[in-house]
Amino acid sequence: MGLFDKVKGQFIDIVEFLDDSRDTLVWRFPRQGNEIKNAAQLIVREGQVAVFESEGQIADVFTPGTYTLETKNLPILSTLKGWKYGFNSPFKAEVYFVGMRQYTDMKWGTQNPVTLRDAEFGMVRLRAFGTYSLQVVDAAKMLRQLVGTDPQFRTDEVSEFLRQNIVSQVGTALGNSNLPMLDLAANQQTIADTLAGTLTTNLADFGISIPRFVIENISLPPEVEEALDKRTSMGVLGDLDQYTKFQAAEAIGDAANNPGGAGEGMGMGMGMALGQQMANSLNQQSQPAQQATAGGPPPIPGAAAAFFLAVGGQQVGPVTVAEMPAKVASGELTPTTLVWRDGMAQWAAASELPELRAIFPATPPPLPPQV
């Protein structure tokens, strides 16, 4: 290798940047004392611009394409250098590659709740989070305002600055929307589009725009969400009386599916109770017609079904047939418990009365003697 080849090797003849990090906004070409020779090739790919700095000043900005670095392609740099001999000697310059594509999936979120006044719920505290896209629209402003002499400026170096600007605008946008809290979800896209325009205007001096802004969720504190869920549940249930009857019917089905004898007896008892309730309901519906035809007062509902129980030497009652299954479940009513109702001459064991016998589970007879 001759002396000319050694000297030639000290000069840079291809200037380019291939970004494999996906998050580099600005990258300075590592000149490291080497000089860029005359007629070197500059390759600027789509989504990039190349910014030349000389003696601390921005000299030229190259858009995507391939350039031969000659005097005719570097008029500003040539003027700064003041070459008089046709730009035939190598030169030194700082070359910054600036990414001009959209940097997606940037995250934002409110660390503290935003307090707003709601017409229906009064004062509420809201949290919000989402994503946005970052794009450099003016490389020169970006270098002057944010990058400085940083050799590799990445998105994480500017993300906190952007997050602070976003959060301050989110609170303002939610407050100025004058929307009820329950209508914010339906208007998230409109609010997001407004924020994208506002943020782009505010960041124009830094050469940055926010072309895409997404609000993924607007939420309440957990304790407020729990109270709202209870209120929603009450609205869904509607008629609590009908809901109670539905629960009773579900319990009967569960008891009937229980393979044990107690479950079967309980199911039969509750079935009888429900049947009695239905009969009483039908009687109540037919009573106006009977009263109109007979001209007399209707019978007292459930009077014939009222029993008194002898529990622990104390008289308990009156107890309707519909309440008997609960007494069986609690142990207050057994087959040998003495009961009495109007029309009976004396107290009798509950198992002796036909209307109560079915409430108790069937008891198998004693096993025959083992031979």
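In this chain, residues are counted from 1 in sequence order.
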Option passing side-chain contact (heavy atoms from CB on, under 4.5 Å) with W108 (candidates L195, I215, V214):
I215

Which residues pass the side chain to side chain contact (heavy atoms under 4.5 Å, CB included) test with T66, sequence neighbours left out?
Q41, I43

Any chain of hydrophobic side-chain contacts (each under 4.5 Å) joining I58 to I208?
yes

Applying the 4.5 Å side-chain criterion to the ILVMFWY set and letting contacts propagate, would L184 and F213 be lumped into a single cluster?
yes

Do R28 and E94 make a side-chain contact, defined as non-hydrogen atoms from C-beta onward lying under 4.5 Å apart?
yes

Examine V311 and M324 and state if one hydrophobic cluster contains both, with Ile, Leu, Val, Met, Phe, Trp and Tyr joined whenever side-chain heavy atoms are less than 4.5 Å apart.
yes

Does any part of the side chain of V158, heavy atoms only, come nearer than 4.5 Å to the side chain of L134, both counted from C-beta?
yes

F129 side chain reached by T110 side chain, heavy atoms, under 4.5 Å:
no

Candidate pair D118 and M123, rule side chain to side chain contact (heavy atoms under 4.5 Å, CB included), full reasoning:
CA-CA 6 Å; D118 187 81; M123 188 177 298; over 6 Å; no

Given side chains that start at C-beta, do those of M344 and F308 come closer than 4.5 Å, heavy atoms only?
no

Residues that F17 engages under ring pair (Phe, Tyr, Trp, His ring centres under 6.0 Å), provided they are two or more places apart
W27

Partner set under side-chain hydrogen bond (donor to acceptor under 3.5 Å, both in side chains) for T334, not counting sequence neighbours:
T336, T337

Taking ring pair (Phe, Tyr, Trp, His ring centres under 6.0 Å) as the test, write out the residues that go with F206, two or more places apart.
F161

Nearest heavy atoms of G171 and L116, plus distance in Å
O-CD2, 4.3 Å

How would you list, by chain and number, every residue that makes a side chain to side chain contact (heavy atoms under 4.5 Å, CB included) with L182, sequence neighbours excluded?
E120, F121, L228

Rounded to the nearest 0.5 Å, how far does CG of L42 lie from OG1 of T68?
9.5 Å

Kindly compute the distance separating CD1 (I191) from OG1 (T198), expressed to the nearest 0.5 Å.
11.5 Å

Intermediate values then yes/no, side chain to side chain contact (heavy atoms under 4.5 Å, CB included), L25 and T155:
CA-CA 6 Å; L25 286 168; T155 55; 3.9 Å; yes

Quick one, M181 with L126, criterion side chain to side chain contact (heavy atoms under 4.5 Å, CB included). Give me CA distance, side-chain angles, the key distance, then yes/no.
CA-CA 9 Å; M181 182 191 68; L126 301 178; 4.1 Å; yes

Which distance, rounded to the nearest 0.5 Å, do you find between the OG1 of T320 and the CZ of R341?
13.5 Å

Heavy-atom distance under 4.5 Å between the side chains of T115 and V124, does that happen here?
no

Apply side chain to side chain contact (heavy atoms under 4.5 Å, CB included) to residues Q169 and N202 and explain how you reach the verdict.
CA-CA 10 Å; Q169 293 299 325; N202 293 346; 3.2 Å; yes

Least distance between heavy atoms, D205 atom then Q145 atom:
O-CG, 3.3 Å

Calculate, to the nearest 0.5 Å, the distance between atoms OG and CD belonging to S177 and Q188 respectively.
11.5 Å

What side-chain donor-acceptor pairs closer than 3.5 Å can you find for residues 96-107, not counting sequence neighbours?
unit_1, atom_1, unit_2, atom_2, d
R101, NH2, R22, O, 2.9
Y103, OH, T24, O, 2.7

Please identify each residue that fulfils side chain to side chain contact (heavy atoms under 4.5 Å, CB included) with S351, with sequence neighbours left out.
P335, A349

Heavy-atom closest pair (V44 atom, V49 atom, distance to 0.1 Å) is CG1-CA, 3.9 Å

Between P211 and S133, the two heavy atoms sitting closest are CD-O, 3.2 Å

For the backbone of I218 and the side chain of R127, can you confirm whether one donor and one acceptor N or O come within less than 3.5 Å of each other?
no

According to salt bridge (charged side-chain N to carboxylate O under 4.0 Å, His left out), does anything in residues 324-333 pair up with another residue at least two apart or in another chain? List the pairs.
K327-E332

For V339, give me all partners under side chain to side chain contact (heavy atoms under 4.5 Å, CB included), at least two apart in sequence or on another chain.
F307, L309, L333, A350, L353, L356

Mind checking whether V114 and Y132 sit in one hydrophobic cluster, side chains of I, L, V, M, F, W, Y counted as touching below 4.5 Å?
yes

Determine the minimum heavy-atom distance between A306 and P318, stating which atoms define it.
CB-CB, 3.9 Å

Tell me the salt bridge (charged side-chain N to carboxylate O under 4.0 Å, His left out) pairs involving residues 137-161, sequence neighbours left out?
D23-R154, E160-R163

List for me each residue that meets side-chain hydrogen bond (donor to acceptor under 3.5 Å, both in side chains) alongside E16, sequence neighbours excluded, and say none if there are none.
R45

Answer with yes or no whether the hydrophobic clustering places L146 together with V136; edges join I, L, V, M, F, W, Y residues whose side-chain heavy atoms lie under 4.5 Å apart.
yes

Tell me the salt bridge (charged side-chain N to carboxylate O under 4.0 Å, His left out) pairs involving residues 181-197, sequence neighbours left out?
none

